[in-house]
Structures are given as C-alpha cells and as structure tokens.
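Could you have a look at this structure, given as structure tokens, before my questions?
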Amino acid sequence: MNSYAVYPFPFGQFKIGYRDGAVTLLTRTSEPARSEGRTALTDMVFHQVEEYLNGRRRTFDFPYILPGTEFQRKVWRALCTIPYGETRTYGQIAAAVGNARACRAVGMANHQNPILIAVPCHRVIGANGKLVGYGSGLDMKEALLQLEKRVVQGDAMS
C-alpha cells in the first residue's frame, strides 16, 4: 500500500507516493500541502526536486519503482537517456524502443509515467517541435524545458 506526502510547489502542489523505501509517484496535484506522510525519503526526494528547479541538479538518485507494461518500461528507460537540456520527438523515442510506428503508444506511455521530472517525459516534443501532451500541463512542461535550456546555456558561457 502506498503512502503519500504533499509539498508546496511552484506549479501548485507536489505529491510524492512511496512504499517499501522507494518512490512510486511524483506528480503535480491540487491537494493541499500537508505534513502527515512526510518521511526522510520524501524530504530527500523533494529536496532533490527543489535543487532541480533551482538549476543545481540534473539527475536524481533516489530509489523509485516503475510499475507498468514492458512497453511502458522500455519507453520510460528511453526517456531517462535523453540528456538534460535536450529534447526528442515521440517518433525518435518510438524508434529507440524498436517500433518507429509506435508514436501514439509512446505518447500514452508518457501520459502514464508515474515519476514526473525524474523520468523526464517533459523532454519529449511533437515532430514539428511544438510542446504537446504533458499530463501536468503544458505550462509546467514549458517551464521545465526553459529551465534546462537556461542552465545549459549558462554552462556554455562559463
């Protein structure tokens, strides 16, 4: 059985689900922030998310569980190979998982991704370069991509 903690977040609230010492859910929510359910694990995860949002973290190292079909897990693993600050199209991800015609299925797997930000489905865009299909809202997707772009550009200037 999952337990949950909800933290204040620049895009509303951030819900962290966990069980057996691993994260099972990271998502934007409209639920009010609350302290019950918070643990050392959820505090560490939220701290890493805050570091990411402040441009100080590019990868995550907390334990998480990705339940899903074999195809979904393949897609989610492929998402984790997209470098910080870069994007891929749904078609590119479909090809990476061995079925170049599975663009819509990739979109559905992205929509079912339970671990937002850490499993970076926000880095997947439409073939025409447009931002499409983000379950937590295109405002958040655009903000995350802009953040990564600024950090990478700042690194290039250093």
Side-chain angles (χ1 to χ4, degrees), residues 1-88 90 93 96-97 106-125 131-158:
M1 182 161 151
N2 286 335
S3 296
Y4 299 95
V6 180
Y7 293 77
F9 182 61
F11 303 99
Q13 308 300 333
F14 196 68
K15 187 174 188 176
I16 302 171
Y18 59 95
R19 89 167 172 261
D20 301 328
V23 173
T24 58
L25 177 73
L26 294 182
T27 192
R28 181 182 190 179
T29 185
S30 59
E31 294 179 39
R34 59 181 197 260
S35 59
E36 66 265 11
R38 291 185 184 178
T39 67
L41 172 66
T42 64
D43 287 346
M44 184 256 302
V45 169
F46 190 70
H47 179 71
Q48 289 189 20
V49 170
E50 286 180 311
E51 288 177 331
Y52 167 84
L53 293 173
N54 290 319
R56 296 189 321 264
R57 176 177 285 275
R58 294 180 181 211
T59 61
F60 298 88
D61 57 10
F62 54 82
Y64 58 83
I65 300 168
L66 285 171
T69 66
E70 181 56 34
F71 180 79
Q72 287 172 328
R73 289 191 306 273
K74 278 177 141 175
V75 169
W76 298 334
R77 284 190 298 269
L79 299 179
C80 291
T81 69
I82 304 171
Y84 181 95
E86 295 184 20
T87 58
R88 299 291 184 269
Y90 291 93
I93 298 299
V97 299
V106 166
M108 289 304 299
N110 278 8
H111 183 71
Q112 297 297 320
N113 173 15
I115 310 288
L116 293 185
I117 301 175
V119 177
C121 56
H122 63 277
R123 295 182 188 150
V124 183
I125 60 173
L131 304 184
V132 293
Y134 191 62
S136 285
L138 291 180
D139 62 324
M140 185 171 156
K141 181 173 188 165
E142 182 174 20
L144 297 177
L145 291 173
Q146 288 299 319
L147 164 75
E148 292 183 9
K149 183 178 178 182
R150 279 192 311 274
V151 170
V152 167
Q153 288 174 342
D155 288 352
M157 292 179 185
S158 298

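Note that these values count all heavy atoms, side chains included, but never hydrogens, waters or copies made by symmetry. These numbers come from a predicted model, not from an experiment.
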Quiz prompt | Residues in ring pair (Phe, Tyr, Trp, His ring centres under 6.0 Å) contact with Phe11, at least two apart in sequence or another chain | solution =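 Partners of Phe11 by the ring pair (Phe, Tyr, Trp, His ring centres under 6.0 Å) criterion, ordered by chain and then number, come out as Phe9.
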Quiz item: Who pairs with Glu86 by side-chain hydrogen bond (donor to acceptor under 3.5 Å, both in side chains), at least two apart in sequence or on another chain?
Solution: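 Result, side-chain hydrogen bond (donor to acceptor under 3.5 Å, both in side chains) vs Glu86: Arg88.
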Quiz item: For Tyr7, which residues count as a ring pair (Phe, Tyr, Trp, His ring centres under 6.0 Å) partner, sequence neighbours excluded?
Solution: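 By the ring pair (Phe, Tyr, Trp, His ring centres under 6.0 Å) rule, Tyr7 matches Phe46.
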Practice problem: Could you list the residues that satisfy side-chain contact (heavy atoms from CB on, under 4.5 Å) with Asp61, not counting sequence neighbours? | Solution: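 For Asp61 the side-chain contact (heavy atoms from CB on, under 4.5 Å) partners, ignoring immediate neighbours, are Gln48, Arg57.
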Self-check item: Partner set under side-chain hydrogen bond (donor to acceptor under 3.5 Å, both in side chains) for Glu70, not counting sequence neighbours
Solution: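 Counting only residues at least two positions away or on another chain, Glu70 forms a side-chain hydrogen bond (donor to acceptor under 3.5 Å, both in side chains) with Arg73, Arg77.
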Practice problem: Determine whether Leu25 and Asn2 make a side-chain contact, defined as any pair of heavy atoms from C-beta on separated by less than 4.5 Å. | Solution: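 No; the side chains remain at least 4.5 Å from each other.
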Quiz item: Which residues pass the ring pair (Phe, Tyr, Trp, His ring centres under 6.0 Å) test with Tyr90, sequence neighbours left out?
Solution: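 Counting only residues at least two positions away or on another chain, Tyr90 forms no ring pair (Phe, Tyr, Trp, His ring centres under 6.0 Å).
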Exercise. Nearest 0.5 Å please: distance from the CG atom of Leu131 over to the CE atom of Met140.
Key: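 Interatomic distance, Leu131 CG to Met140 CE, rounded to 0.5 Å: 13.0 Å.
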Quiz item: What residues form a salt bridge (charged side-chain N to carboxylate O under 4.0 Å, His left out) with Arg150, not counting sequence neighbours?
Solution: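 Arg150 satisfies salt bridge (charged side-chain N to carboxylate O under 4.0 Å, His left out) with no other residue.
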Quiz prompt | Pairwise side-chain contact, Leu144 with Leu53, heavy-atom cut-off 4.5 Å (strictly under) | solution =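 Leu144 reaches Leu53 side chain to side chain.
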Quiz prompt | Flag side-chain contact, heavy atom, 4.5 Å: Tyr84 against Val151 | solution =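 Yes, at least one pair of side-chain atoms sits under 4.5 Å.
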Quiz item: What's the spacing between Phe71 CZ and Met108 CE if we round to 0.5 Å?
Solution: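 Here the interatomic distance stands at 11.0 Å.
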Quiz item: What distance do Gln72 atom CD and Leu79 atom CG have between them, rounded to the nearest 0.5 Å?
Solution: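 If we round to the nearest 0.5 Å, Gln72:CD and Leu79:CG are 11.5 Å apart.
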Practice problem: Not counting sequence neighbours, which residues clear side-chain contact (heavy atoms from CB on, under 4.5 Å) with Thr87? List them please. | Solution: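 Partners of Thr87 under the side-chain contact (heavy atoms from CB on, under 4.5 Å) test: Ile125, Leu145.
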Practice problem: Find out whether Trp76 and Pro114 are in side-chain contact, i.e. whether some heavy atom of one side chain is under 4.5 Å from a heavy atom of the other. | Solution: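 Side-chain contact under 4.5 Å: yes.
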Quiz item: If you round to the nearest 0.5 Å, how far is NE2 of His122 from CD1 of Ile117?
Solution: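 Interatomic distance, Ile117 CD1 to His122 NE2, rounded to 0.5 Å: 7.0 Å.
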Quiz item: salt bridge (charged side-chain N to carboxylate O under 4.0 Å, His left out) with Asp43: which residues, sequence neighbours excluded?
Solution: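 By the salt bridge (charged side-chain N to carboxylate O under 4.0 Å, His left out) rule, Asp43 matches no residue at all.
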Quiz item: Nearest heavy-atom pair of Pro32 and Val6: which atoms, and what distance?
Solution: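 Residues Pro32 and Val6, closest heavy atoms: O-CG1, 3.5 Å.
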Self-check item: Interatomic spacing from CD1 in Ile16 to OG1 in Thr29 - rounded to 0.5 Å
Solution: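 Those atoms lie 12.0 Å apart.
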Self-check item: Heavy-atom closest pair, residues Cys80 and Tyr64
Solution: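 Closest pair (atom of Cys80, atom of Tyr64, distance): SG-OH, 3.9 Å.
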Exercise. Report yes or no: does Asn110 contribute a side-chain atom to a donor-acceptor pair with the main-chain N or O of Val124 at less than 3.5 Å?
Key: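 No: the side chain of Asn110 does not pair with the backbone of Val124.
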Quiz item: side-chain hydrogen bond (donor to acceptor under 3.5 Å, both in side chains) with His111: which residues, sequence neighbours excluded?
Solution: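 Here no residue qualifies.
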Quiz item: With sequence neighbours left out, which residue pairs that include part of residues 31-41 fulfil the salt bridge (Lys or Arg N to Asp or Glu O under 4.0 Å) condition?
Solution: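 Those involving residues 31-41 are Lys15-Glu31, Glu31-Arg34, Arg34-Glu36.
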Quiz prompt | Heavy-atom closest contact (Pro63 atom, Gly21 atom, distance) | solution =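 Pro63 and Gly21 have their closest heavy atoms at CG-O, 3.2 Å.
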Practice problem: Report the distance from atom CD1 of Ile65 to atom CD1 of Ile115, rounding to the nearest 0.5 Å. | Solution: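 It comes to 8.5 Å.
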Exercise. Looking only at non-hydrogen atoms, find the nearest pair between Val152 and Gly85 and report the distance.
Key: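 Reported closest heavy-atom pair: CG2-CA, 3.9 Å.
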Self-check item: Partner set under salt bridge (charged side-chain N to carboxylate O under 4.0 Å, His left out) for Arg19, not counting sequence neighbours
Solution: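 If we apply the salt bridge (charged side-chain N to carboxylate O under 4.0 Å, His left out) test to Arg19, skipping adjacent residues, there are no hits.
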Quiz item: Phe60 vs Tyr52 aromatic rings, parallel, tilted or perpendicular, using cut-offs 30° and 60°?
Solution: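 Rings of Phe60 and Tyr52: tilted, as their planes differ by 30° to 60°.
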Quiz item: Counting only N and O atoms by type, is there a donor-acceptor contact under 3.5 Å from the side chain of Tyr134 to the main-chain atoms of Asp139?
Solution: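 Side chain of Tyr134 to backbone of Asp139: no pair is present.
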Self-check item: Ile93/Ile82 under side-chain contact (heavy atoms from CB on, under 4.5 Å): CA gap, chis, key distance, verdict
Solution: CA-CA 9 Å; Ile93 298 299; Ile82 304 171; 3.9 Å; yes
Self-check item: Closest heavy-atom pair and its distance - Leu116, Ser136
Solution: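 Looks like CD1-OG, 2.7 Å.
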